[in-house]
S.K.: 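Following this message is one structure expressed as C-alpha cells.
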Amino acid sequence: MRLEDVIGKTCVIGLSYFDLDGELMKQAQYAGSVVKVDAENGISVQLRHVDASVERAEFILPPNLDAWFKAPPGHYRHAPTGVDIENPDFVVTWDIHRTQQNTAEGQHEWWDWVPNVQPPQVGSLAS
C-alpha cells in the first residue's frame, strides 16, 4: 500500500500516550477521513465531530503506513466524544512516548511516535 492509497479513506485512530517510565498516561480515539498525504509532513485526517456546528479539525499522523490495518466491518463508537463511524476502511494505532521531562511553559515537548505493527484488538477500540 502507498500513501496515496489512503486518500479519501475513513479511519478510526487509537493513540496511547506513555511517560518516560513507560507508564500509560492517557488514551485517545478519533475518527475521520484522509484528506491529504505528504511523505514528509504526514497523513492529514479530517476529524468527525458530533456537533455539526463545530469546525472540523485536521489531525496529522506520521507518514508511516505500518500502523494501518483494514478494519473489520462494524459500528465503531467512542462514548466520551460521541464519535460514531460505521464500516471504516482502516483502524490505525500508535504508541506515543514522552522523550523528556516536563518542559517550561511555552517550550516544545518531544514525543516519539511508534506504530503498532500488530493488528489491533478491535474490541478495545469499539465500545
S.K.: Using the six-membered ring of F90, assess whether NZ or CZ of K9 lies under 6.0 Å from its centre and within 45 degrees of the ring axis.
M.R.: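 Verdict for F90: no cation-pi partner in K9.
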S.K.: Within the side chain of D38, is there an N or O that forms a donor-acceptor pair under 3.5 Å with the backbone of E40?
M.R.: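 Yes, D38 side chain to E40 backbone: donor-acceptor pair under 3.5 Å.
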S.K.: So, T99 versus D112: side-chain donor-acceptor pair below 3.5 Å or not?
M.R.: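 Looking only at side-chain atoms, D112 and T99 do not form any donor-acceptor pair under 3.5 Å.
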S.K.: State yes or no: do W111 and L15 share one hydrophobic cluster built from I, L, V, M, F, W and Y residues joined by side-chain heavy-atom distances below 4.5 Å, directly or via other members?
M.R.: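 Looking at the clustering, L15 is in the same group as W111.
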S.K.: If you measure from CD on E86 to CZ on R77, what distance do you get to the nearest 0.5 Å?
M.R.: 8.5 Å
S.K.: Quick check: closest heavy atoms across A28 and Y17, and the distance to 0.1 Å?
M.R.: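 The pair with the smallest heavy-atom distance is CB-CE1, 4.4 Å.
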S.K.: Tell me which one of I7, N64, I13, V34 satisfies side chain to side chain contact (heavy atoms under 4.5 Å, CB included) with I43.
M.R.: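 Exactly one pass, corresponding to V34.
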S.K.: When rounded to the nearest 0.5 angstrom, what distance separates OG1 in T93 from CD in Q29?
M.R.: 11.0 Å
S.K.: I need the Y76 OH to D84 CG distance, nearest 0.5 Å.
M.R.: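 The CG atom of D84 is 12.0 Å from OH of Y76, to the nearest 0.5 Å.
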S.K.: Checking S33 against Q46: is there a side-chain donor and acceptor pair closer than 3.5 Å?
M.R.: no
S.K.: Is there a side-chain contact between C11 and Y30, using heavy atoms and a 4.5 Å cut-off?
M.R.: no
S.K.: What's the separation between atom CE in M25 and atom CG in L20, rounded to the nearest 0.5 Å?
M.R.: 9.0 Å
S.K.: Looking only at heavy atoms, what is the nearest atom pair of V6 and M1, with distance?
M.R.: CG1-SD, 4.0 Å
S.K.: Can you find a pair of side-chain heavy atoms, one from L3 and one from P63, that are under 4.5 Å apart?
M.R.: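 A side-chain contact exists here, since the closest heavy-atom pair is under 4.5 Å.
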S.K.: Between CG of D95 and CZ of F18, what distance do you get to the nearest 0.5 Å?
M.R.: 4.5 Å
S.K.: With under 30° as parallel and over 60° as perpendicular, where do the rings of W113 and F59 fit, or are they tilted in between?
M.R.: tilted
S.K.: For R98, is there an ion pair with D19 - N to carboxylate O distance below 4.0 angstrom?
M.R.: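 Looking at D19 and R98, the cut-off is not met.
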S.K.: Quick one: closest heavy-atom pair of A31 and I85, and the distance?
M.R.: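 Of all heavy-atom pairs spanning A31 and I85, the closest is CB-CG2, 4.1 Å.
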S.K.: Measure the CG-OG distance between L61 and S44 for me, rounded to the nearest 0.5 Å.
M.R.: 8.5 Å
S.K.: Under the criterion side-chain contact (heavy atoms from CB on, under 4.5 Å), I'd like the reasoning laid out for T10 against R48: C-alpha separation, chi angles, the key distance, then a yes or no.
M.R.: CA-CA 10 Å; T10 57; R48 292 187 180 198; 3.7 Å; yes
S.K.: Mark yes or no for whether N87, through its side chain, and P73, through its backbone, hold a donor-acceptor pair below 3.5 Å.
M.R.: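 Judged by distance alone, no pair lies under 3.5 Å.
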S.K.: Same hydrophobic cluster for V45 and V37, using side-chain heavy-atom links shorter than 4.5 Å among ILVMFWY?
M.R.: yes
S.K.: Is there a path of hydrophobic side-chain contacts, each under 4.5 Å between heavy atoms of I/L/V/M/F/W/Y residues, joining F69 to I96?
M.R.: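 Shared cluster, no.
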S.K.: Any side-chain heavy atom of E58 sitting closer than 4.5 Å to one from L47?
M.R.: no
